[in-house]
Every structure is written in C-alpha cells, then in structure tokens.
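Side-chain atoms are counted along with the backbone in the values below, which use heavy atoms only and exclude waters and symmetry mates.
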Protein chains: 2
Amino acid sequence: MSPYHHGNLRAALLDEAEQRLGNGELSLRELARAIGVSHGAPRRHFAGKQALLEALAEEGFIRLGRTLEAAAADGDFTARLAALARAYVHFATSHGALLDLMFAGKHRSEGLEAAADRAFAAPLALIADAQAAGEVVAGDPERVAKVAFAAVHGLAALAGAGVLEADDALIDETVERLVLGLKPR
Amino acid sequence: MSPYHHGNLRAALLDEAEQRLGNGELSLRELARAIGVSHGAPRRHFAGKQALLEALAEEGFIRLGRTLEAAAADGDFTARLAALARAYVHFATSHGALLDLMFAGKHRSEGLEAAADRAFAAPLALIADAQAAGEVVAGDPERVAKVAFAAVHGLAALAGAGVLEADDALIDETVERLVLGLKPR
DNA sequence: ACCTGAACACCGTTCAAGT
DNA sequence: ACCTGAACACCGTTCAAGT
C-alpha cells in the first residue's frame with residue numbers, strides 16, 4: 001500500500017477541495033496532507049491554487065448543466081421551467097460555496113466561459129421552444145433567456161448564500177410570475 | 001509628519017481594502033504597508049482579517065441601501081422599480097468584488113444581516129406601496145418582494161460577475177416583464 | 001489608547017533530486 | 001512520468017514592549 005504514484009491525484013485533489021470548500025480558506029498543503037501526498041505533488045496536476053479552483057468551478061458548471069438538462073426534459077413550458085428552477089436552487093443550496101466559486105472572479109478563462117455557456121444551453125433551448133410554441137414573447141431568444149435566467153439565478157444565489165429560504169412554494173411563485181411576465185400579449 | 005498615531009486607521013484600512021478588493025487575494029500586511037503602519041497595527045481596530053472583511057461588507061450594504069433608497073424615491077411603480085434596478089446593477093458593475101463579499105459566506109453575523117435587511121427596506125416598501133395602489137398582486141409583501149428582489153439581484157449579480165452585459169435596455173426589459181408578472185388579474 | 005517589532009506556525013511556489 | 005523535501009518569500013495572529 002501507499003504506492004509511490006497515487007494514480008488519481010488530480011481527481012482526489014478536486015474531491016477533497018470541494019468537500020472543504022466553504023469551510024474557511026482552502027490550502028493546497030492541507031489538501032495534500034489529507035490525501036497523504038507531499039505538498040509539492042499537486043504541482044504536477046495543477047499549475048497553482050487558482051488553476052485547481054478554476055478546474056473545480058468548471059466541473060461545477062458541467063454538473064449544473066447536466067442537472068438543468070435533466071430537469072428541463074419533460075412537461076409543458078411552466079412545468080419545465082419550474083423543474084429547472086427547483087433544480088437550480090437545489091444545486092445552490094447544497095453546493096453554495098461551489099456556486100460562489102463558479103460565479104466569482106470576473107477573471108474567467110475561456111474554458112470556464114465555455115463550460116458556463118454549455119450549462120446555460122438547456123434554459124436557452126427551453127425559452128426558444130416556448131417562443132416557437134407561442135407561449136413566450138417573441139424576440140432574440142438569448143435576450144429573453146437572460147431575463148428568465150437572471151430571475152432564477154437570483155433566487156438560487158440568494159438561497160445559496162442563506163439570505164433567503166427558497167422553499168418550493170417560493171420557487172413556484174417566482175416561476176408563475178415569470179411565465180405571466182413573459183407571455184405574449 | 002508621520003505621526004505616531006495615524007488618527008483614522010480604521011477608515012484608512014477599509015478604504016485601502018476596498019480599492020484592492022477583486023485584484024487577487026487581499027493581505028492585511030499589504031494594507032498596513034500601503035498605509036505606512038506596522039503589520040500589527042490593524043489589530044487595534046479589527047479582531048482579524050475576517051472582521052475587516054465583514055466590516056467592509058456591512059459598509060457595502062449601507063451604501064447599497066442608500067443608493068436604492070434614493071433611486072426608488074420618485075415616479076410611478078414602474079419608474080421606481082426601473083430606477084431601483086438600474087441603481088442596483090450599476091452598484092454591482094462598479095463594485096463587483098464588494099457585492100461578492102456582501103453575499104458570500106453563509107456565515108453572516110447579526111450586524112451583517114441587519115445591514116442587509118436595512119438595504120432591502122426600500123425595495124420592500126416599494127412593493128408594499130404598489131400593492132396598496134392595486135398595481136401588484138396582493139399577498140405577503142415580504143414574499144412578493146423576494147420574488148421581485150431575486151429577479152433584480154440575479155441581473156445585478158450576473159452583470160457584476162461579468163457573465164452578462166446588463167445594458168439599460170435589458171434592465172428595463174427585466175423590469176417590464178416583472179411588472180407584468182406581478183400585476184393583479 | 002494606540003502602535004511597534006519579534007516570534008510562531010502556517011502558506012504558495014520553485015526546483016533539484018529521487019524512483 | 002510522477003513524486004519528495006528543502007528552500008524562499010510571504011502570510012495571519014499573538015504579545016511584550018514602547019510612547
């Protein structure tokens with residue numbers, strides 16, 4: 001046991017980092033200690049602490065994207081939007097620190113931007129579908145999707161930060177108001 | 001010159017900290033150096049780094065509250081909501097890192113919670129007024145305000161993080177959709 | 001009351017050396 | 001190819017001592 005080569009150090013570092021995220025500051029040396037590897041070892045897999053955090057954020061977008069995609073799969077427009085909103089808020093409340101990391105910075109790499117765009121693909125498609133079905137006001141789908149996404153993101157972010165308690169009733173009310181506001185007239 | 005007592009070290013530390021916020025990690029020693037005081041000096045005014053950051057966040061809520069209050073002062077419901085949304089987004093885009101700090105953590109002290117509540121007083125009052133005027137659906141004002149606030153906060157947070165470009169047209173469209181969605185029927 | 005400066009235990013990053 | 005361990009320049013926090 002205790003092989004010289006860990007074999008999966010990259011994944012182990014990301015796992016360990018996510019578990020410790022949100023409990024104060026994160027230290028690379030502490031991660032290495034917990035995994036049982038020397039403090040210099042992470043350098044083989046990540047250029048530095050920032051690179052590790054960025055990889056974690058990217059992984060977060062990939063997971064969020066999968067979750068949203070699955071949630072928005074079935075039902076009519078309102079049902080799909082409600083499922084998407086619930087999934088988003090649930091992600092935020094159970095991975096609050098990760099969501100912070102994903103949307104923090106302003107210094108976003110291309111990889112991170114691409115991952116974020118992919119995560120937002122399902123919401124965007126939902127809006128475009130609803131426009132095609134005449135359930136949502138016409139216009140640039142990206143623009144309309146931004147309005148809808150911002151509303152849901154706001155709820156998720158506030159819930160994840162503990163500012164708000166976003167129970168299903170509040171989520172559904174938000175979705176209801178959003179559907180009404182987006183209706184063509 | 002170079003008096004033994006700085007005289008206003010607390011305020012100087014907060015100022016310096018805010019200026020450097022968002023440019024990588026913030027160090028107490030670096031703040032002290034920039035101000036020209038020993039690295040132990042901040043300890044007289046803040047229990048530690050976290051305490052300084054929390055004071056900064058609290059100051060942020062106070063300023064945001066003042067801004068929102070001023071913005072929501074005049075006009076009809078839609079105009080007041082639009083002004084409030086623009087002011088919020090402007091705050092977010094010009095103080096992105098500060099907004100992150102204000103809503104980061106989940107470990108919010110009482111002082112911070114109180115400051116946040118005070119900042120949200122103007123939006124809450126706006127919703128309550130609009131309900132009284134029959135322009136917004138009836139029901140618990142806090143609940144309705146949460147829905148409205150989340151939508152605006154989402155736009156501000158995404159704009160502040162650089163995920164979105166929230167020009168006035170997008171803000172106004174968000175407000176328009178929100179007003180429609182909140183209308184009694 | 002307010003600040004200094006040494007001390008301590010950490011940290012991220014680098015890099016020669018090991019396997 | 002992957003990891004170790006010493007080295008370096010930092011950091012936050014503590015605390016006796018100065019004014």
Side-chain angles (χ1 to χ4, degrees), chain A residues 1-59 97-98 100-101 104-109 112, chain B residues 1-59 97-98 100-101 104-109 112:
Chain A
M1 41 178 63
S2 77
Y4 183 77
H5 290 74
H6 181 278
N8 213 3
L9 184 52
R10 202 194 123 97
L13 283 165
L14 287 173
D15 274 10
E16 195 68 36
E18 189 183 349
Q19 278 183 300
R20 289 163 189 269
L21 213 58
N23 302 320
E25 277 297 298
L26 194 78
S27 115
L28 233 38
R29 287 174 107 110
E30 151 196 319
L31 296 182
R33 258 193 317 266
I35 293 172
V37 92
S38 84
H39 67 260
R43 235 329 168 84
R44 284 291 129 191
H45 303 276
F46 299 101
K49 190 184 181 181
Q50 281 312 309
L52 185 147
L53 291 176
E54 199 172 292
L56 203 55
E58 191 170 336
E59 210 189 41
L98 182 57
D100 276 355
L101 183 65
K106 199 183 195 61
H107 310 297
R108 312 161 68 73
S109 73
L112 206 55
Chain B
M1 41 178 63
S2 74
Y4 183 78
H5 291 74
H6 182 277
N8 213 3
L9 185 50
R10 202 193 122 98
L13 283 165
L14 287 172
D15 274 9
E16 195 68 37
E18 187 184 349
Q19 278 184 301
R20 289 164 189 267
L21 213 59
N23 302 320
E25 277 297 299
L26 194 79
S27 115
L28 234 36
R29 286 174 107 109
E30 151 195 320
L31 296 182
R33 258 192 317 265
I35 293 170
V37 92
S38 85
H39 66 260
R43 240 318 170 89
R44 284 290 128 192
H45 303 276
F46 299 101
K49 191 184 181 182
Q50 281 313 308
L52 185 146
L53 290 176
E54 200 173 290
L56 202 56
E58 191 171 335
E59 210 190 42
L98 181 58
D100 276 355
L101 183 65
K106 198 182 195 65
H107 311 295
R108 310 160 70 72
S109 73
L112 206 56

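- A straight line from CD of A:Glu30 to P of C:dC11 spans 7 Å, rounded to a whole angstrom.
- Summarising the base pairing, C:dG12 is matched to D:dC8 through a Watson-Crick or G-U wobble pair whose two defining distances lie under 3.5 Å.
- Taking side-chain N and O atoms only, A:Arg33 has a distance below 4.0 Å to OP1 or OP2 of C:dC11.
- Straight-line distance from the CZ atom of A:Arg43 to the P atom of D:dG5: 19 Å, rounded to whole Å.
- Taking atom CD of residue B:Glu25 and atom C1' of nucleotide C:dT13, one finds them 15 Å apart after rounding to whole Å.
- Proximity of B:Ser27 to the phosphate of D:dC10: no side-chain N or O atom is located under 4.0 Å from OP1 or OP2.
- Expressed to the nearest 0.5 Å, how far CG of A:Leu52 lies from NZ of A:Lys49 amounts to 9.5 Å.
- The partner of C:dA17 is absent, by the rule that a Watson-Crick or G-U pair needs both atom distances under 3.5 Å.
- For A:Arg44 against D:dT4, no side-chain N or O and base N or O form a donor-acceptor pair under 3.5 Å.
- Considering only side-chain N and O atoms, B:His39 lies nowhere under 4.0 angstrom from the phosphate OP1 or OP2 of D:dC10.
- Judged as a salt bridge (charged side-chain N to carboxylate O under 4.0 Å, His left out), and not counting sequence neighbours, the contacts of A:Arg20 are A:Glu16, A:Glu30.
- Taking OG of A:Ser27 as the start and NE2 of A:His39 as the end, the distance is 11.0 Å to the nearest 0.5 Å.
- Remark: D:dC3 base-pairs with no nucleotide in the shown strands. Criterion, Watson-Crick or G-U wobble with two distances under 3.5 Å.
- With rounding to whole Å, B:Arg29 atom CZ is found 14 Å from C:dC8 atom P.
- At least one side-chain heavy atom of B:Leu14 sits under 4.5 Å from a side-chain heavy atom of B:Arg10.
- Here the P atom of nucleotide D:dC3 and the CG atom of A:Leu28 are 14 Å apart, to the nearest Å.
- Summarising the geometry, the separation between CG on A:Leu26 and C1' on C:dC10 is reported as 15 Å, rounded to the nearest angstrom.
- Residue B:Leu31 is classed as having no contact, given no heavy-atom separation below 4.0 Å to the nucleic acid.
- Among the protein residues, A:Gly40 comes within range of the nucleic acid bases, having at least one heavy atom under 4.0 Å from a base atom.
- Atom CD of A:Glu59 and atom CG of A:Leu101 lie 11.0 Å apart (nearest 0.5 Å).
- At whole-Å resolution of the value, CG in A:Asn8 and C1' in D:dA1 are 15 Å apart.
- Straight-line distance from the NZ atom of A:Lys49 to the P atom of C:dC10: 16 Å, rounded to whole Å.
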